[in-house]
A.B. asks: 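Structure provided below as structure tokens; questions to follow.
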Amino acid sequence: MPRVLCVAEKNSIAKSVAGILSGGRSSRRDSPSKYIKNYDFTFDFPFSGSSDVTMTSVAGHLTGLDLDQAHGWGKCPIPQVFDAPIVEIHTKDQEKMASNIKRECRNADYIMIWTDCDREGEYIGWEIVQAALQGNRNLQGNVYRAIFSHLESRHIIHAAKNPKRLDQRAVDAVRTRMEVDLRSGVAFTRFLTELLGSKVERDLGLKNNQRPIISYGTCQFPTLGFVVDRFERIQKFIPETFWYIVLSVPNGPDTTNFQWERGHLFDRLTVAVIFELCLETSRNIAKVTDIKSKSTSKYRPLPLTTVELQKNCSRFYKMSAKASLDAAEKLYQKGYISYPRTETDIFPSKMDLQSLVEQQTSDNRWGDYAKTLLNGPGSNRFKWPRAGKNDDKAHPPIHPIISCGAGLDNENEKKVYEYVTRHFLACCSEDSKGHSTTMTLKWGTEFFTASGIVVLERNFLDVYVWMKWETTKQLPNLALGQDVELSSSLMKDGQTSPPNHMTESELILLMDANGIGTDATIAEHIEKIQQRDYIKKKKMSKQTYLIPTTLGISLVHGFEAIGLEDSFAKPFLRRQMEVDLKLICDGNKNKLEVVNDLITKYQEYYGLTSTNQNKLVETYMNIKSLI
DNA sequence: GCAAGGTC
């Protein structure tokens with residue numbers, strides 16, 4: 001029988017796909033790597049007919065890139081980094097994975113790639129093929145690619161029956177990113193460290209053997225830029241005084257305030273004139289000119305993505321993005337939750353979500369809630385989740401798999417499991433429903449409104465305990481057209497206030513929105529710029545904020561002073577690279593062209609930075625002396 | 001000693 005080797009991006013996919021294609025009758029063997037298993041079974045592929053199949057995997061990339069030996073740190077003038085030869089390097093684990101591929105493909109007639117169907121997955125597929133060809137040259141030309149976006153059986157079988165080829169354009173796009181990130185990162189990191197390292201070392205009070213690294217990275221700098229930008233908006237903020245009019249109306253023993261439809265104005269005289277005019281024409285009588293009642297709802301959350309998980313664990317539990325992702329990873333390995341790195345916020349239509357809800361009925365925290373979702377009573381019954389707009393074509397939204405009961409002793413894992421589960425149950429619930437009433441008063445020439453909300457059905461809010469929606473005080477009982485005697489009419493002043501310092505949750509949102517990093521790496525970039533002493537976490541009245549250090553601020557301003565056309569600390573450069581990568585994927589540009597363009601740009605920036613290096617030093621000295 | 005991206 002022909003032999004087919006299938007290779008996935010990680011063991012969990014290999015295991016699931018082997019289970020589906022073998023109809024549950026595969027046998028498992030160990031591999032040289034502890035992360036990887038080999039699964040044997042038979043399957044009927046269109047290119048080979050009935051075949052002996054081995055399904056295995058790697059665990060992420062098989063190779064890393066670095067500059068060749070001759071261009072190590074200190075061994076060459078820095079500008080050579082931009083065109084030095086690049087070599088492939090392997091960790092011990094990667095060598096074990098590659099040797100498994102080589103051994104397993106020795107007798108194979110075909111190889112089929114089952115890596116995730118995203119850009120990086122395509123490149124990992126290419127790496128796998130290179131390793132396989134080293135083990136067995138005859139595989140050349142017998143390479144196939146499975147296209148799949150989730151692990152539903154019929155979908156996976158369809159993918160196996162409709163093999164495609166690797167997309168070389170996507171492979172080229174990833175290689176482009178790798179080369180540009182490597183060369184620009186290494187060049188500017190060496191430059192900055194050599195320029196500022198000894199000064200920073202003294203200022204941080206480090207010992208000789210703890211030379212600081214002052215790194216540049218295409219993601220690190222924009223991340224730092226966001227934090228510095230917020231910090232300075234607060235520093236530079238000048239409060240402005242504004243004026244407004246507020247009416248209050250008797251409401252039982254209490255009063256209700258009506259807000260001015262103009263909000264507030266920054267000119268005191270204008271407000272005073274309007275106020276006096278109203279007082280003259282209407283004294284203390286206003287008329288009800290409008291009462292609008294409508295039903296309103298608060299939407300249940302969208303299916304859970306990695307970025308949302310990190311943002312909310314930071315908000316609800318004050319966990320760092322890295323801590324929440326680490327805990328999610330552990331929960332995934334233990335089988336409690338689904339794969340935690342996903343951009344998808346739409347559940348595949350065939351997924352059996354009700355049995356996942358059923359799993360949760362035994363939990364003493366939300367079990368009763370899960371039961372009512374499935375069996376009533378009441379109107380909050382299981383409802384298919386809302387659909388978001390993102391699909392990474394590789395993984396479904398994050399959801400609980402099995403109930404953890406009392407099986408978790410790690411605090412962070414407990415919290416993340418609770419969050420994932422409550423979020424999932426909320427997704428499968430009805431929106432919260434309420435009723436809002438808005439009343440408008442006319443006083444003189446001006447209009448004023450007040451609103452009241454009655455929450456009628458809490459629904460998902462009962463399980464999504466962090467979100468608040470409360471019934472407000474009722475509006476005074478007045479009829480349309482009725483005159484009402486005011487208990488007061490006042491002209492008041494107030495001041496605009498500065499924004500708050502950056503929270504980790506906001507930073508994650510900004511990075512995601514600007515394409516800085518990926519779901520799997522955003523947390524690492526935030527960690528990295530803390531390690532580098534560019535930003536620090538600071539606790540202020542219950543909240544933890546991210547504050548830039550002297551060094552962090554200096555780097556941003558130093559490069560600003562040099563005046564590169566595309567600021568390093570802004571997301572623009574990185575986004576431009578994404579656009580170019582997309583052009584490569586669509587066949588409108590080639591790799592060589594894009595690499596040359598981007599590297600030329602970085603070389604030019606390096607030249608400018610190098611001739612203006614005194615500006616970096618001066619900026620650092622200046623800012624240091626101010627603090 | 002340097003990047004960012006996968007994954008464990």
Side-chain angles (χ1 to χ4, degrees), chain A residues 8-14 33-37 57-67 71-76 78 81-82 84 86 89 91-94 96-97 115-116 118-128 170-171 173-195 197 201 206 208-223 306 325-326 328-334 339-342 392 394-395 511 515-525 527-529 531-532 568 573-574 577-578 581 598 602:
Chain A
E9 188 163 321
K10 50 201 156 248
N11 178 57
S12 66
I13 301 280
S33 161
K34 63 181 166 182
Y35 309 117
I36 286 160
K37 307 288 175 201
S57 76
V58 289
H61 283 282
L62 262 185
T63 52
L65 294 188
D66 204 353
L67 303 175
H71 295 83
W73 195 320
K75 290 184 186 161
C76 71
I78 295 174
V81 163
F82 290 112
I86 284 178
I89 52 169
T91 63
K92 278 269 178 317
D93 281 333
Q94 287 173 331
K96 285 180 189 167
M97 294 190 265
T115 48
D116 295 354
D118 51 28
R119 228 163 51 193
E120 294 292 330
E122 214 63 20
Y123 187 88
I124 293 169
W126 179 82
E127 291 177 304
I128 293 166
V171 174
V174 172
R175 182 66 176 218
T176 302
R177 177 196 60 70
M178 291 173 117
E179 283 194 33
V180 173
D181 283 343
L182 175 67
R183 293 189 195 277
S184 63
V186 168
F188 280 93
T189 300
R190 289 181 187 174
F191 175 80
L192 288 173
T193 304
E194 281 166 24
L195 182 69
E201 176 193 348
L206 297 176
N208 265 333
N209 51 0
Q210 308 173 271
R211 244 324 187 29
I213 295 164
I214 304 173
S215 59
Y216 167 80
T218 52
C219 289
Q220 292 178 30
F221 261 53
T223 306
T306 308
L325 193 55
D326 287 350
E329 179 67 41
K330 287 272 159 49
L331 290 168
Y332 161 67
Q333 284 165 31
K334 293 176 183 172
Y339 190 69
R341 284 183 281 272
T342 175
D392 64 17
H395 307 284
M511 293 173 72
I516 303 303
T518 68
D519 49 11
T521 62
I522 282 176
E524 287 175 31
H525 298 310
E527 284 282 313
K528 179 72 81 181
I529 62 171
Q531 267 176 37
R532 294 284 186 251
F568 276 178
L573 243 174
R574 180 83 201 181
M577 177 157 84
E578 280 301 317
L581 298 186
L598 290 173
Y602 273 104

A.B. asks: Which part of the nucleic acid does R119(A) contact within heavy-atom distance under 4.0 Å: base, sugar-phosphate only, or nothing?
C.D. replies: nothing
A.B. asks: Taking the ring of F221(A) and the ring of F188(A), is the distance between their centroids below 6.0 Å?
C.D. replies: no
A.B. asks: Let me know which of K10(A), H61(A), R119(A) forms a side chain to side chain contact (heavy atoms under 4.5 Å, CB included) with I124(A).
C.D. replies: H61(A)
A.B. asks: What does F188(A) touch in the nucleic acid at a heavy-atom separation under 4.0 angstrom: a base, only the sugar-phosphate, or nothing?
C.D. replies: nothing
A.B. asks: Can you tell me if R532(A) uses its side chain to pair, donor with acceptor, with the backbone of Y216(A) under 3.5 Å?
C.D. replies: no
A.B. asks: Please compare I124(A) and G72(A) by the position of their nearest nucleotide in DNA chain B and report the one closer to 5'.
C.D. replies: G72(A)
A.B. asks: Scan D116(A) against the nucleic acid and name what it touches under 4.0 Å (heavy atoms): base, sugar-phosphate only, or nothing.
C.D. replies: sugar-phosphate
A.B. asks: By the 4.0 Å heavy-atom rule, please label F191(A) as base, sugar-phosphate, or nothing.
C.D. replies: nothing
A.B. asks: What's the shortest heavy-atom distance between P222(A) and I516(A), and which atoms?
C.D. replies: CB-CD1, 3.8 Å
A.B. asks: Just checking L62(A): base, sugar-phosphate only, or nothing, at a heavy-atom cut-off of under 4.0 Å?
C.D. replies: nothing
A.B. asks: Output all residues satisfying salt bridge (Lys or Arg N to Asp or Glu O under 4.0 Å) with D519(A), sequence neighbours left out; order by chain, then residue number.
C.D. replies: none
A.B. asks: Is there a donor-acceptor pair closer than 3.5 Å between any side-chain N or O of T521(A) and the backbone N or O of G517(A)?
C.D. replies: no
A.B. asks: Scan E524(A) against the nucleic acid and name what it touches under 4.0 Å (heavy atoms): base, sugar-phosphate only, or nothing.
C.D. replies: base
A.B. asks: Checking all strands, does T115(A) fall into the base, sugar-phosphate, or nothing category for heavy-atom contacts under 4.0 angstrom?
C.D. replies: nothing
A.B. asks: Just the endpoints, please: which first and last nucleotides of DNA chain B, 5' to 3', lie under 4.0 Å from a heavy atom of chain A?
C.D. replies: dG1(B) to dC8(B)
A.B. asks: How is G60(A) classified with respect to the nucleic acid when contacts are heavy atoms under 4.0 Å: base, sugar-phosphate, or nothing?
C.D. replies: base
A.B. asks: When we call it a touch if two heavy atoms are under 4.0 Å apart, what does R532(A) touch: a base, just sugar-phosphate, or nothing?
C.D. replies: sugar-phosphate
A.B. asks: What nucleic acid atoms does R183(A) come within less than 4.0 Å of, heavy atoms only: base, sugar-phosphate, or nothing?
C.D. replies: nothing
A.B. asks: Of L67(A) and Q94(A), whose closest DNA chain B nucleotide lies nearer the 5' terminus?
C.D. replies: L67(A)
A.B. asks: Sequence neighbours excluded, which residues qualify as salt bridge (Lys or Arg N to Asp or Glu O under 4.0 Å) partners of R190(A)?
C.D. replies: none
